[in-house]
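All of these numbers come straight from a predicted model, not from anything done at the bench.
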Amino acid sequence: MHQVAGFDKELLEIYGELDRDRLMTLVVRYASDRLEAGGSSIFLRDDITDRYVLRGTTGLLEGADMPTERVEYEPGEGLTGWIAKHGRPLRIVNVKDNGELRGIAEDLVWSKKYSEISAKPGQAYLGVPILSRDGATVLGVLRVSGKTEGEQFDAQDEALLSHVAAMVSIAIENSQRYEQEKRRARYFRLLLDISSELDPRRPIAEMLQAVTERVRQGFRTEGCQLYLRTEEDVQRVVLRAASGLPETLIGQLTYMVGEGLTGHVVRSGTAVQIREVAGLEDWDDPHIAQVAPHLPSGVYRSFLGVPLQLGDEVLGTLELINKIPSAPGHRDWFTDDDEEYLRLLSTAIGGVLEGARYLKTLSEVGVTAMRMQRVAYFGTLAQRIRHEAANPLAVARLALANLRSDLQEKPGFSQRPGFLRRLDIIEANLNAVSGKLLDLLKFSQQIGFIRTTTNWNDVVREVLIWLAAERQRRRVEMRVTYEDLPTLFIEPNEMFGVLVTILRLTMESCETHGGLIEVHTSLSADGQRVRTEIHAPEASLAEKISSILEPAAGVPEELLPLHFEWALAQETVETQYRGTLTWQACDGEVCFVLELPVGEWANGRMGEPFQGGDRGGLWNRKQSS
């Protein structure tokens, strides 16, 4: 009676245990003790692979502890796999006796794959399936092996082990619900913890690096990477932050959209999961071999990548490399739960990146507005000085002229030349004051436009950044090619406005759902001109540009602001810099070409303005192809 009470008490402990690992330990110990077996092991079905994985044992031949590698059977493989496949108990006197095995079933074979620590050749074996409540699914296999020498497992042992398996089935279902809720709570704590690092006011590089560190630790991975599209070319993504990898790779690893794992995630906007090394070979990823040596395991075996997405726009990717099992026998790849919560995090990161981009643009707009306000204030001040000083100057000069005339009419005044010289000095100084006020007015109209030696490619980059929000709103992608250029002696703000006008005109030629704009900077063949081509290869609204830049004959009812901005841009380039600014539309394409002289050409000291030159750029190459 004491034994039965003890039996019920231990089974009750198994039934009420929610922790999966502890539950497995209790089960194998109970089975081994109650059946007086030499060893016991329990295998549970992996829902993803459909294999039966070792989750608890009293010890295998390889050692008394749970092995660190994943021990598993395919359905039908060996004795354990046969039980999982057919859902029937298996009781064997001698596992080495092929005749006995064939007498039970033709497909029954001892695989000699894994054995309990006490299972020696010729010893008994007993295994039973762990069935779901409806009996339709084999959730696992509970097995024991090895009896006292000369003894075998009997029908009563089989019934007892089957009863234990039925109790374990209920405990497993309870444990699964508990583990699911515990995992969900852990993920939400993790997301809250990582979200504390998200602040658009922080330096972006610092924030992203902190996020990747937290993600790598929280999701238990060997590496975490974050890629973002480049501002110069949205068809290219670059590694902006990484944890578990050398800092030297940040800013160096790049993908084109559609290239490798990362490029596919960016192009498709869908997540990618890879669970085995063999699965990586199909992707032809150019950087897997470069990253693998830096991982703790030295092997690139599993991958999870999700898009950093805001609405329909994919900003980049967030990627995990090599899942670290939480315990021996646990999964070493990423699950759907990992993907789900990583997607939630990526959405938050995307929103913060957009906020940071907005703050940066707002800051630039604020600085520019303040500068223009100061320019306007100075111009207004100069106008007031000139206008308010004009009348007193005119009165003074008129009074001086009248005084000279009156004195010259007096008898004997011509005998006083010194007095006339003083009048000449006063008149010269009044004229000088008038001229200086006029110069001040002219200068106020050009305040802020001071020429300096400038890297032209930097001006182009700043314009693209300035128009980032507008490009996003119009869904315009940029493909930019920079060649090595000499510096130009220009006023950056003045030419900044010219480029903004050209790009806005080019965007007007694209459909409302977006399009592609190509920008190419180069040096002319004679080395005297810097050439910038802005090309829309699919400009379905090219006729709209014609109506803006070249209105029909006569005075149109309304001229758009871009018409005047284009006229001002052309005048600035041709008059101030002796350059050229032209455009052409043909067969649904639009191309703008800006050429600026290099060195002394820019100051007009080489004679007449040059009349264009080499036109063998992007546009002509496309026309001739």
Side-chain angles (χ1 to χ4, degrees), residues 3 6-46 51-73 78-84 89-92 95 111 113-120 123-131 138-148 151-154 156-176 178-179 325-331:
Q3 186 177 4
F7 167 79
D8 291 340
K9 183 177 180 181
E10 291 183 29
L11 271 187
L12 184 61
E13 184 179 4
I14 291 174
Y15 183 79
E17 182 58 53
L18 295 177
D19 183 87
R20 177 71 64 87
D21 293 331
R22 175 158 172 75
L23 172 63
M24 298 298 101
T25 301
L26 291 175
V27 170
V28 295
R29 286 180 181 174
Y30 177 82
S32 179
D33 291 343
R34 288 301 176 189
L35 275 68
E36 298 180 350
S40 177
S41 298
I42 185 169
F43 293 78
L44 296 183
R45 177 175 174 269
D46 189 308
R51 296 169 184 167
Y52 289 81
V53 184
L54 178 67
R55 294 303 302 270
T57 182
T58 55
L60 300 178
L61 285 175
E62 291 76 9
D65 298 327
M66 275 284 291
T68 55
E69 71 274 9
R70 191 173 171 88
V71 179
E72 58 189 9
Y73 285 93
L79 306 180
T80 301
W82 188 91
I83 297 171
L90 187 61
R91 178 158 43 97
I92 302 173
V95 294
S111 67
K113 192 171 185 179
Y114 300 107
S115 300
E116 278 72 29
I117 197 168
S118 64
K120 297 178 182 178
Q123 289 190 329
Y125 175 96
L126 173 61
V128 297
I130 303 172
L131 300 174
V138 178
L139 301 178
V141 174
L142 176 59
R143 76 186 194 188
V144 291
S145 61
K147 291 279 282 185
T148 305
E151 294 186 11
Q152 305 299 327
F153 296 109
D154 56 23
Q156 185 177 359
D157 293 329
E158 181 180 322
L160 175 58
L161 195 62
S162 296
H163 180 66
V164 173
M167 298 291 291
V168 170
S169 172
I170 299 173
I172 288 175
E173 292 182 1
N174 293 337
S175 174
Q176 285 176 337
Y178 169 75
E179 291 289 340
S326 57
H330 288 206
R331 292 167 177 160

Would you compute the distance between atom [atom1] of [X] and atom [atom2] of [Y] and round it to the nearest 0.5 angstrom?
| X | Y | atom1 | atom2 | result |
| --- | --- | --- | --- | --- |
| M24 | F43 | CE | CZ | 12.5 Å |
| L35 | L161 | CG | CG | 5.5 Å |
| L79 | L126 | CG | CG | 11.5 Å |
| I92 | R143 | CD1 | CZ | 11.0 Å |
| T58 | I42 | OG1 | CD1 | 12.0 Å |
| Y73 | I83 | OH | CD1 | 10.0 Å |

Using every non-hydrogen atom in the two residues, find where [X] and [Y] come nearest and quote the distance to one decimal.
| X | Y | value |
| --- | --- | --- |
| V138 | Y52 | O-OH, 2.8 Å |
| V141 | T80 | CG2-O, 3.8 Å |
| A124 | F153 | CB-CD1, 3.7 Å |
| V28 | S40 | O-CB, 3.4 Å |

Closer than 3.5 angstrom, by distance alone: can the side chain of S169 be matched with the main-chain N or O of A165 as a donor-acceptor pair?
no
Backbone N or O of A37 within a donor-acceptor pair of the S32 side chain at under 3.5 Å?
yes
Are [X] and [Y] close enough that some pair of their side-chain heavy atoms sits under 4.5 Å apart?
| X | Y | answer |
| --- | --- | --- |
| E72 | D46 | no |
| D157 | D154 | yes |
| R45 | L139 | no |
| D21 | R55 | yes |

If you count every heavy atom of other residues, nucleotides or ligands that lies below 6.0 Å from R91 atom CZ, does the total exceed 12?
yes
More than 12 non-hydrogen atoms from neighbouring residues, nucleotides or ligands closer than 6.0 Å to CD on E173, yes or no?
yes
